[in-house]
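Within every chain, numbering begins at 1; the chains are lettered A, B, ... in the order of the sequence lines, protein sequences first and strands thereafter.
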There are 2 protein chains.
Amino acid sequence: MLRCLTVPNTSPATLVNERGIDEASSLTLQERKQQLVRTAIWDAATDLFAEKGYDETTIDDIAKRAGVSRRSFFRYFTSKSDLMAYGAIGYAGYLTEAIRACPAGCPLSEVFRRTVFQVAEQCAAHPRTRKIMEIAAKYPAAKEAQQSRTAELQERVEAAFARHVAGQNGEDLTPHVVTGLTLSVLAVIFRAWFEHGQQDISVTANQVLATLDRLVCHDKSQGRRTDD
Amino acid sequence: MLRCLTVPNTSPATLVNERGIDEASSLTLQERKQQLVRTAIWDAATDLFAEKGYDETTIDDIAKRAGVSRRSFFRYFTSKSDLMAYGAIGYAGYLTEAIRACPAGCPLSEVFRRTVFQVAEQCAAHPRTRKIMEIAAKYPAAKEAQQSRTAELQERVEAAFARHVAGQNGEDLTPHVVTGLTLSVLAVIFRAWFEHGQQDISVTANQVLATLDRLVCHDKSQGRRTDD
DNA sequence: AGTATATTGGCACTCAGTGCCATTGTCAAC
DNA sequence: GTTGACAATGGCACTGAGTGCCAATATACT
C-alpha cells in the first residue's frame with residue numbers, strides 16, 4: 001500500500017471536500033480536473049458495488065462505467081481496497097482537525113469527548129458515509145477493504161493527540177490509549193447509528209459514552225491484578 | 001474471505017494448539033497430518049517473510065519451501081493474508097474462553113479487566129505472537145493482512161460478552177462498547193510490550209489500564225455536549 | 001506555432017486465486 | 001493380495017489484479 005501514484009498531487013487537504021467542482025478555492029485547474037475524475041471513478045464504483053456486489057465488480061467494469069481506461073484507474077486508486085478506504089483520508093482529517101481545535105490547556109478527557117462528538121456529526125452529515133456503510137454492511141470483503149488503512153489512520157490520530165499533550169516524556173502511553181479509545185468508540189457509534197434509526201447521531205454518541213463511563217468507572221478497587 | 005476449504009475440517013479448537021504433533025488428544029490421524037502440513041506451510045511462510053520480505057515472497061516460494069504444491073497451499077490457506085491472520089483464530093479462542101470463565105454475577109468492568117490480563121499473558125507466552133509481531137512491525141502490508149479478520153474477531157468477542165450480560169434488552173450497547181474497549185486496549189498493550197522491553201506483560205497491562213482510568217474517569221461534569 | 005510537460009491508453013508481463021480432472025495414498029472389506 | 005471407496009494431492013488452464021514501459025494526446029507556457 002501507499003504506492004506512489006503518478007498522476008495526482010493528492011495533498012490530503014485536496015481530498016477532504018467531496019464534489020471538487022464548486023468551492024474550489026486554492027486548487028489549480030489540473031487538481032480540480034483530477035478531483036473530477038477521481039470522484040467519477042468513485043461514483044461509478046460504489047454504484048456498481050450496490051448493483052451487482054463488491055466481489056462481482058471487476059476493475060474493468062468500474063473503468064468502463066467511469067469512462068477511463070483500466071490503466072488510468074490504477075493511477076487514481078491503487079486497488080479496489082483503496083477505493084473503499086477512500087473516505088479514510090477525510091476521516092483522518094476530521095479527527096486531527098478536531099483535536100487540534102481544542103485549546104492547549106484542555107484536559108485530554110475533554111479533548112476526547114469533543115473530538116468524538118464533532119467527528120461523529122461531521123461524518124453523519126456526509127453523504128459518502130452512508131453509502132460506504134451500506135456497502136460495507138452488505139459485503140464482508142468490502143468491510144475489510146474499508147478498514148485496510150487503519151494503521152495510517154491510527155498513526156495520524158496518535159500524532160495529533162501526542163501534539164496536544166506535548167511536554168511529557170516519550171514513554172507515555174497516553175496518546176496510544178486515547179487513540180484506541182477514540183477510534184473504537186466512534187466505530188461503535190457509527191454502527192449503532194447506522195443500524196438503528198440514523199436520526200441524531202449525538203444521541204447515540206451520548207449513549208455510548210455513558211456506557212463507557214459505567215463500564216470503566218464502576219469499581220476501581222482491583223487496580224492491580226492478583227491471580228485467581 | 002471465509003471460503004470453503006476442501007481439505008481441512010478446521011474446527012477452531014483444532015487450531016489453538018501450536019505444534020500439532022504432541023498433545024494430540026482428541027484428534028484423528030488425518031487431522032493431525034493436516035495440522036502438520038498447515039504448520040509446515042506457516043513456518044515456511046514466516047521464515048521467508050523474515051528473510052526476503054512480505055511482499056517479495058510469492059506463494060510459489062512458500063509452497064516450494066514447505067514441500068507442497070502451489071495448489072495445495074490454497075487448500076490450507078485461502079491467501080497470503082489468511083496466513084498472517086492465522087493467529088486470529090486462536091486469539092478469538094483465548095478471548096471468548098476468558099470471558100466465559102468469569103462467574104455469572106461478575107460485573108462487566110471486572111470481566112473486562114480479567115479478560116485483558118489473561119489474554120495478554122496467554123499471547124505473550126505464545127511463540128507465534130512474537131514472530132508475527134516482528135513481521136507486522138516491519139512490513140505494513142503484513143500488518144494489514146494480520147488485521148484482515150477483525151470483523152470476525154469482533155463478532156465472536158461481542159457474542160461472548162453478550163452471553164455474559166444476557167437478560168438485558170436487545171438495544172443495549174454495552175457488548176459493543178466492551179468489545180471495542182477490550183480489543184483496542186489489548187492492541188495498545190501488545191504494541192507497548194513489543195516495542196519496549198517485552199518483559200512482564202502484566203506490568204504493561206497495568207500501565208495501560210491506569211492510563212485508561214485517568215482518561216475516562218477524570219471530570220465527568222460535561223456529560224452532555226454544549227456547542228462552543 | 002512550438003516546445004516542454006502532464007495525462008492517458010495500450011500492451012505485455014507476473015502473480016493471486018479458482019475450477020476441473022487425473023493421480024496417488026489410505027483404509028477397510030472381501 | 002486384491003479390490004473398491006474416499007481423501008488428499010498435483011497439474012493445468014483460466015480470469016482478474018496490479019505494474020512497467022512506451023507511444024499518443026492534451027495542456028501550459030513562451
Round to the nearest Å and state the distance from I41(A) atom CD1 to dG9(C) atom P. 9 Å
Determine whether a donor-acceptor pair (N or O, by modelled atom type, separation under 3.5 Å) exists between the side chain of K64(B) and the backbone of R70(B). no
Rounded off to whole Å, could you give me the CG-to-C1' distance for the D82(B) and dA16(C) pair? 13 Å
Expressed as a whole number of angstroms, how long is the span from F74(B):CZ to dC15(C):P? 12 Å
Starting from P on dT7(C), measure out to CZ on R32(A) and report it in whole angstrom. 14 Å
Quick check with a 6.0 Å cut-off and a 45 degree axis cone: is K80(A) positioned over the face of Y54(A)'s six-membered ring? yes
Hey, which of these two, G67(A) or K33(B), hits DNA chain C nearer its 5' end, going by closest nucleotide? G67(A)
Is the side chain of R100(B) donor-acceptor paired with the backbone N or O of A160(B) at a distance under 3.5 Å, no angle test? no
Closer than 4.0 Å, any side-chain N/O of S72(A) to the OP1 or OP2 of dG9(C)? yes
V68(B) vs T58(A), nearer the 5' end of DNA chain D by closest nucleotide: V68(B)
Can you measure R75(B) atom CZ to dG10(D) atom P for me and round it to whole angstrom units? 8 Å
Output the rounded distance in Å from CG (D60(A)) to P (dG9(C)). 13 Å
Regarding the side chain of S69(A), the nearest nucleotide among dG16(D), dT9(D), dG9(C) is dG9(C)
Starting from P on dG17(C), measure out to CZ on R70(B) and report it in whole angstrom. 9 Å
On the side chain of R71(B), is there an atom forming a donor-acceptor pair with the base of dG17(C) - under 3.5 Å, no angle test? no
Can a side chain N or O of Y76(A) be found less than 4.0 Å away from OP1 or OP2 on dT8(C)? yes
salt_bridge(R149(B), E152(B)) N-O dist < 4.0 Å: yes
Rounded distance (Å) that lies between atom P of dT8(C) and atom CZ of F77(A): 13 Å
Is the H126(B) ring parallel, tilted or perpendicular to the Y94(B) ring (thresholds 30°, 60°)? tilted
